[in-house]
Amino acid sequence: MAAGQANRLPRGGRIDRSRPLRFSFDGKSYAGYAGDTLASALLANGVSLLGRSFKLRRPRGIVGGGAEEPNAVMQVGEGAAARPNLLATQVELEPGLAARATRGWPSTRFDIGAALDSFGRILGAGFYYKTFKYPRAWWKLYEHFIRRAAGFGKAPDSPDPDRYEHRNAHCDVLVAGGGPAGLMAALTAARAGARVILADDDVEFGGSLLAGGDAIDGAPAMDWVAGAVAELREMPDCRLLSRGTVFGYHDHNFLTIVQRCVQEADAAAQGPARRPVAERLWRVRAKRVVLAQGAFERPLVFCNNDRPGVMLASAVSGYIHRHAVLPGRRAVVFTNNDSAYRTAIDLAGAGAEVAAIVDSRPGGAGAIGQRVKELGIPVLAGHVVSDVSGRRRVRGAGIARWTGEPWSAVEITLRIDCDLLAVSGGFSPAVHLHSQAGGKLEWDESQLCFLPGEARQPHDSAGAGNGKLSLGDCLADGLRAGKAAVEALGLNPPEIEIPATNESPAAPIKALWRVPAAKDADRCPKQFIDFQNDTTVADIRLAVREGYRNVEHVKRYTALGFGTDQGKLGNINGMAVLAETLGKPIPEVGTTTFRPAYTPVRFGAGAGESVGALYDPVRKTALHQWHEAAGAPMEVVGQWHRPRYFPRNGEDLHAAVARECLAVRNSVGIMDASTLGKIDVRGPDAVNFLERVYTHNVDRMKPGRCAYGILLGEDGMVMDDGVMARLAEDRFYLTTTTGGAAQVLDWLEKWLQTEWPELEVWLTSLTEQFSTLAVAGPNSRALLEKLGCDIPLDRESFPFMHVRTANLAGMPVSLFRVSFSGELAFEINIASGLAPDLWRKLMDVGREFELTPYGTETMHVLRAEKGFVIVGQDTDGSVTPVDLGMNWLLSKEKDFLGKRSLARPDCLRADRKQLVGLLSRAGCTVIPEGAQLIERTGQRAPVPMCGHVTSSYHSASLGHPIALALVAGGRGRRGETLFAAPPGREPIAVEIVSPAFYDPKGGRQHV
Amino acid sequence: MLLIECPWCGPRAETEFSYGGEAGIPRPADPDALSDAEWADYLFYRSNPRGAHRELWNHAQGCRRWFVVERDTVTNRIAGSFRLDETVPVPASAAEKQPEQGD
Amino acid sequence: MNRYSAFGLLRNALSHNRNWRTAWRSPEPEKSYDAIIVGGGGHGLATAYYLAKEHGIRNVAVLEKGWIGGGNTGRNTTIVRSNYLWTEAALLYEKSMQLWEGLSQDLNYNVMFSQRGVYNLGHSLQDMRDIERRVNANRLNGIDAEVVGTAELGKAIPHLNISPGARYPVLGASLQRRGGVARHDAVAWGFARAADALGVDIIEQCQVTGIDVSGGKAVGVQTTRGPIASDRIGVVVAGHAGVLARMAGLRLPIESHPLQAFVSEPIRPVLDTVVMSGAVHGYISQSDKGELVIGAGVDPYNGYGQRGSFPVIEHALQAIVELFPVFSRVRMLRLWGGIVDVAPDACPILSKTPVGGLYFNCGWGTGGFKATPGSGWVFAHTMAHDEAHELNAPFSLERFSTGALVDEHGAAAVAH
Amino acid sequence: MSERIARPHGLEAFFGAAESASRDGVEIALLKNRGFLNLRLDPRRERTVKAAEEVLGQDLPLAANSFSGGKRRVYWLGPDEWLLETGAEEAGALRGELEAALAGHHAAVNDVSGGQATLRLGGPEARTMLSKGCTLDLHPREFAPGQCARTGLARATVLLACIDEAPTFTLIVARSFADYLCRWLANAARP
Ligand SMILES: Cc1cc2nc3c(=O)[nH]c(=O)nc-3n(C[C@H](O)[C@H](O)[C@H](O)COP(=O)(O)OP(=O)(O)OC[C@H]3O[C@@H](n4cnc5c(N)ncnc54)[C@H](O)[C@@H]3O)c2cc1C
Ligand SMILES: NC(=O)c1ccc[n+]([C@@H]2O[C@H](COP(=O)([O-])OP(=O)(O)OC[C@H]3O[C@@H](n4cnc5c(N)ncnc54)[C@H](O)[C@@H]3O)[C@@H](O)[C@H]2O)c1
Ligand SMILES: Cc1cc2nc3c(=O)[nH]c(=O)nc-3n(C[C@H](O)[C@H](O)[C@H](O)COP(=O)(O)O)c2cc1C
Ligand SMILES: [Zn+2]
């Protein structure tokens, strides 16, 4: 079966040859092995053309070996299981995996859009800002076509079958990156007894060691890795997360890690119910952090450097060692530093012909140069690869001698055929997390890279990510960072000997940011810096020419670093070319801002389990199950679900509400009002405190008395309302609106604690303790009497607006003679555990009175008939009690919160919007809620508006519709006609009336 | 996600707390004595510094106590948490921050 | 300034793009100017442009501490709409909308204003009442607005979750078809280029560190590039308004908060309109390049860091997955924050101050990108005439004393 | 396992899912017949503390985030707030006794039995499961038997107490959140 895998080496690699598997790419089937990535398997099969570039549609192949890959952006899977934009270099091969290239139409190979490449010069940086402006209306059309070219992969077409979860974790030391440096740091910390989390985004620990033939203590380096990992796994307080990417480093040493837990095929095999967690988001609070992310190799910037077959040297070594894949037969290696020499050795060792090492440094390499010579690999020092031939695949390298002068022109004097060009432009430490955490960067001129500088949070960097390029230095640096971390935690660092490595000293790197070409930088063939966004040297020069000189402007004008790799491959080259163009030193140009996510993170993983039914709690009353069984549709009120109406025999909302309303008006109804907020207020200063926050005179209330009360914000606007009952001299019971319950308690506590700590008052929330059953209607008293109440309920013994404790049907309750419907009514407060029982008993006994359960909608109609407001519906944040006609509630004798604001000029305006009632002139039209009110019809915009409808219902009791509205100066305009002007409808003539439509004198509730 | 030290419960995650705005704005003793502008200053005007900020937090999901935190509004570094009945030390420097890259 | 056109692109391509001139100069600051604008965001640059264009005041400097457009202008979700509830706000944003509609041509710079419609979803009966109220008000104010039912939403926005069983079921929406998005950077650059062409000096890397006041009047500023004199100073620094106010001995009813946004990786077009939901706190559109651009909520506490709290991002992701379950496997590419200047009524301040010749333009909070041209237009008027235009007269500082707030706060849960 | 119930209680239906999610490593059970009193007093007033302690027959825990065992559990909720857990039948009487003893003191006693739902959560995986929605450090050294905390669990506020080293936790939540919390627990209990 390996027959198809022409580039697969017969031996070696960390693949599992006993587990061959098949996958497909662009519809064609291929073979690979467990342990392959999609990229390595494709390379093994000789597939080199993997996509097209974003703007110019140039053919592209694999460049890198991991997160820096800009080209191999794949669509994996289909339908609900589709995964857009995966990097082939990061996709673990699994059986049946189906991948497609994301760019190129009709196919990757023959892309019609490729013609765009010829227009490259017109399509320079920012070209779209300069055109498509005329004719004005055409932008829509232009944009239509521009958008068709947008994006790489496709979003799935149906909801995600995967499960995600969040996990909170705490540790002493978090180590990001499990290469030699990270492993060493983790070992050090763990041996000191610290709680350690070690996360690495790869499948296996080892980092760069996975990809090389390194030795530690005379044995293969991976043996040392295996030992370290085994030891860490044994430690009780150490957590190892492979496939775990630290993607965010936030303030206060909070880090976020996304861990891929299961492969797609394995997850799907389990079926929906038992589907395992696909990805887990770790939310980690770490005391110290060691960043050991390693370094990214940089490509070199020469003409046509984007041709498939031009690859990072370290990636080539990785494919050879880790995956046993030889990406080319005849290679040229092009470098400005020593590291790529190892790739040449690796290539030769794997049986490839290394036609030449082209080294831009006149002096060539250090000690490793000798080994290369021994292998017979020719080295062209002081030379550069200036251009390549080949379109869909490199066919040869054009080589020129170079004097070292940055922008000079060169002449190609030598062409070497090759199908692989391995390049190295040096290494950039992955300072991403360090920078996200607010750490500074320092330019190192000798190593030509930014190093992590001063940190803002308790973190440290180690290894290649800290500019240590040799294995020995990485191990030592990991040890140092691990020790520093545990010392900072007050632990004793263990003694660990640095394992021995056998490396020879390297010759220094030499700057080569842009490889000179035969023509100047504006006229030579394209030299790519950001492969994904087709940003070239010429684009950067154009941006500078046009005044976009700041690195952030250049980024935004040329899209440098905007792609899915976020500049991991090209940014430093881009900044250096910018610096050279501006004639400034690189550190003065600086970098763009590093941001999360380090690599892209699925929305689903970020969302975790709080989606669907768990998106937000649904709060349920003790009677919820009864309501559900009765078939009541629910209304969402804040987090609560409340029954909206109780339909019978297929009634619709209107029929049910009319029936419920009449039942209350004519006999008796019952409503679950348990969601009201309830607060117990106690203490010698209770009156004093309530006087300060409520507007009315609290001290005049005798024990046993209830009063309607409102709370104002300090801005004088109505914040909440409810009934207040005085239970004793020093004890009150407050109710609040459903939505305001938590807010009011917090507000009261805030004033008590911050402003008036001297007041002796205790507040206790009883919202959950008591359920509230509102029994309303002329037969409500009879009903309770029938049920069995141990206190007299007649008008004289228990008058309106009073409270009593009692025993009802043998259960202890508080009875409030308050009414939100205008009828004789009792609000029964009972411990929630007993509420279902009492409700059932009431329903039983109530049969005689046709006791009718009613929902929020009926409650709204009944209260609107009385002209009672609902805070939040008839008010918004701009309504004062005066606007509502509640002056009678505002004490003149005392100060209260918000009082001063009512005296501001705007609050004294006569033409403020005031609460009124409305009747439609035609009689039968229900005016839409939200409708704006105008004085005259037929005006042209902008039409002055004088108010709006806040509540509107058909009143079954009155036999006609009613509405509440806020109208400018409304109270003085009774009898006037206005027009409601709902969108798309004929204006409705309405008359301003008193908001008290029903029983305005209140006789019915006083009986 | 900040780690905020509740003076009673110790360090807890930001999500357990609610924010109460600038600390140390006492309610005027006699609001009626204030001009509209003075009242507006109390109601709406805030010092909103770039740098050290004294602010109120409530341990809403914990002990429900209000307390004062001194936090740097640029770095989010917290200099200390204080109970309301503690005398809060004078800040070392309430001076405005100098510009900082990447804030 | 060379005019931009398709022909120009072609001609320049032939000369290897070597003859393009700078979009704006980078002059050294003069000793004094007729007017100084502090802050090179969209609003500041627009102010300078309209000062020069509409009022003939061309000896103007825009002083920017970093790079122009690097503040909130360069980091917002670019939603443009004018369907505000209160007439005062609606007319101001509608002025802006009208300027947007000709802006690319006026500036000779394609700001890619794309009127792909903005939906505001309603999830509760009260949401729907508020939507009716707002749409009705908009139409009376001459602003296009519609109420859209759930079924129609299902057709117009293919992947939107309109299941009645959703935790926050979609009951309907308002739609402003003229609303949409624009290319944020282009707005800053387009205004800068056009202002520069009229003589305005745009001076980057020039931080204002002090405001000189003499005899109750502003006379100039101190900067990191030396003092600059002017008796007409407009401060347009968004989240830093409080810092600048203090330099002149003033306080403002403004608090600065981090506000975050993020983009997904670019995906094939799936969403061709703007969807906002106040109740679940998410808003989303797809850019011409293919990223989903998503806005999160504001951090509750004051902050001057251009980054925010991660739980806020988690919440936004949950909201987006609720609204669009098919986006669960799309990946978040980059997230960032801006510093927004929030006023108590969530409405801007475009006002004279107690200091003569010193004007403040701030308080746009989470929603001022859409106002960029209109804000510049009225603020230029205010600075030129030392008097508010009737469109911005309601947005003075006095309203906080009189109580005449324009309370969009109560009406719109999110105001982007 | 769970105690027998005296009265229908309105919560059972919610718990089915959570209880049946118990598996190897996690055990979830509804605790019935629990009674709760909320107590507020100023601990700086020694006489008041004494008066309360005499009725309770045990100390009021004054250390933050701890509870005292004994006849009944007394949880510290805040510097001047405690939750007393008793048998359901006892709560009323205890409240009466406390109110009588605290008459004349500045204190508040409220019966909140009806407002709580109580769960027991146990097993070696219990910590892991809680960590999915709780930001506290639940490491056995940091959150040991005898400790309790009011904190967030997913989107609910709960009182979490560590009872023993098994570990066993008690989880007390406002009753209206019980349905949500049980659904959340059922989900979190999945491996
Ligand atoms: C994440 C996010 C999403 C948003 N989404 C939307 C949206 O969808 N729709 C919408 O309409 N609005 C949105 N907004 C709001 C919108 O971005 C802003 O209201 C608007 O861009 C403000 O523009 P500006 O020019 O006033 O401020 P900025 O663009 O912030 O400009 C102010 C400038 O002042 C400079 N400055 C500060 N101090 C000094 C000093 N001392 N000296 C010199 N210069 C100084 C700054 O560097 C900055 O460049 C969003 C904001 C954010 C952060
Ligand atoms: N020859 C050279 O010039 C050269 C250059 C660079 C590196 N190296 C070699 O590479 C090795 C460097 O060791 P090291 O330990 O510093 O780095 P490493 O590259 O070996 O390991 C870093 C690990 O961190 C992981 N990682 C990066 N970002 C991460 C994140 N955000 N979350 C989770 N994991 C993340 C990577 O996948 C990798 O596995 C040494 O052996 C060194 O000699 C050599
Ligand atoms: C509307 C919009 C779209 C963006 N699209 C992308 C994008 O496709 N890729 C990207 O890397 N960043 C994108 N960004 C984010 C910017 O890279 C950057 O993070 C943001 O402007 C804030 O600046 P800062 O991160 O440099 O502080 C976008 C920003 C905005 C406002
Ligand atoms: Zn606390």
Side-chain angles (χ1 to χ4, degrees), chain A residues 163 165-171 195 237 273-277 280 283 285 608-610 613-626 628 639-640 674-675 680-685 730-731 760-771 812 830-837 840, chain D residues 5-14 32-33 35-36 38-42 80-81 88 91-92 106-117 128-139 141-142 154-157 173-181 183-184 186-188 190-191:
Chain A
R163 246 180 89 200
E165 76 174 24
H166 285 185
R167 206 63 98 66
N168 295 289
H170 301 256
C171 66
R195 289 165 69 189
D237 275 333
R274 316 203 40 196
R275 205 170 169 100
V277 169
R280 182 175 292 130
R283 309 162 95 230
R285 184 79 66 179
E609 53 280 87
S610 293
L614 297 175
Y615 175 62
D616 199 29
V618 173
R619 294 178 70 183
K620 296 182 173 173
T621 74
L623 300 165
H624 186 88
Q625 282 140 287
W626 195 94
E628 259 186 351
Q639 290 179 320
W640 291 97
S674 307
T675 58
D680 175 80
V681 182
R682 254 193 256 202
D685 292 318
D730 61 350
R731 189 165 170 204
E760 297 198 336
V761 179
W762 297 120
L763 305 175
T764 307
S765 168
L766 296 177
T767 304
E768 301 274 351
Q769 164 66 11
F770 291 117
S771 291
I830 181 164
S832 292
L834 302 176
D837 230 17
R840 267 187 290 269
Chain D
I5 31 166
R7 278 218 179 83
H9 163 291
L11 285 168
E12 296 75 19
F14 302 150
K32 292 161 193 164
N33 273 353
F36 292 96
N38 183 288
L39 172 66
R40 301 204 60 179
L41 54 80
D42 182 346
D80 51 21
E81 187 173 11
H106 175 44
V109 186
N110 277 288
D111 186 340
V112 292
S113 312
Q116 327 287 326
T128 302
M129 177 172 165
L130 287 169
S131 77
K132 296 182 185 184
C134 178
T135 54
L136 286 184
D137 187 350
L138 298 171
H139 190 280
R141 276 199 304 271
E142 304 293 325
R155 299 217 173 150
T157 300
V173 67
R175 63 168 301 131
S176 68
F177 283 92
D179 178 43
Y180 163 76
L181 195 73
R183 285 169 193 265
W184 185 88
N187 183 60
R190 295 159 75 183

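Quick note on labels: first sequence line is chain A, next is B, and so on, each numbered from 1.
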Find out whether A/Q639 and D/F177 are in side-chain contact, i.e. whether some heavy atom of one side chain is under 4.5 Å from a heavy atom of the other. yes

Nearest heavy-atom pair of A/W762 and D/D80: which atoms, and what distance? CZ3-OD2, 3.2 Å

Answer yes or no: is there a side-chain heavy-atom contact under 4.5 Å between A/E609 and D/R190? no

Could you report the tightest heavy-atom contact between D/N110 and A/R682, atom names first, then the distance? OD1-NH2, 3.2 Å

Part of D/N38 lying under 4.5 Å from any heavy atom of chain A: side chain

Out of A/I830, A/V761, A/L623, which one racks up the most heavy-atom pairs below 4.5 Å with chain D? A/V761

A/D616 side chain reached by D/R155 side chain, heavy atoms, under 4.5 Å: yes

Side chain, backbone, both or neither: which part of D/A174 has an atom under 4.5 Å from a heavy atom of chain A? both

Name the region of A/L614, side chain, backbone, both or neither, that has any atom closer than 4.5 Å to a heavy atom of chain D. both

Salt-bridge contact D/R40-A/D680 (side-chain N to carboxylate O under 4.0 Å): no

A side-chain contact here means heavy atoms from C-beta on lying under 4.5 Å apart; do D/D179 and A/H624 qualify? no

Does any backbone or side-chain atom of A/R731 lie under 4.5 Å from a heavy atom of chain D? Answer side chain, backbone, both or neither. side chain

Calculate, to the nearest 0.5 Å, the distance between atoms CD and OG belonging to A/Q769 and D/S113 respectively. 6.0 Å

About how many Å separate CZ of A/R163 and CG of D/N187, when rounded to the nearest 0.5 Å? 5.5 Å

Closest non-hydrogen atom pair between D/G114 and A/S832, with its separation: O-CB, 3.3 Å

So, the part of A/W626 with a heavy atom under 4.5 Å from chain D: the answer is neither

For the candidates A/T675, A/D730, A/L766, A/V618, which exhibits the highest count of non-hydrogen atom pairs separated by less than 4.5 Å from chain D? A/L766

Nearest heavy-atom neighbours spanning A/H170 and D/T135: NE2-O, 2.8 Å

Just verifying a value: how many Å separate A/D685 CG and D/H106 NE2, rounded to the nearest 0.5 Å? 7.5 Å

Tell me, side chain or backbone of D/L181 under 4.5 Å from chain A's heavy atoms, or both, or neither? neither

Distance-only, no hydrogens or angles: does the A/E165 side chain make a donor-acceptor pair with backbone N or O of D/A188 under 3.5 Å? no

Which answer fits D/E142, side chain, backbone, both or neither, if we ask what part of it has an atom under 4.5 Å from a heavy atom of chain A? side chain

Please tell me if the side chains of A/R167 and D/K132 come closer than 4.5 Å, counting only heavy atoms from C-beta onward. yes

Which pair of non-hydrogen atoms, one from A/G833 and one from D/R175, has the smallest distance, and what is that distance? N-NH1, 3.8 Å

Under 4.5 Å from a heavy atom of chain D, the part of A/R283 involved: side chain

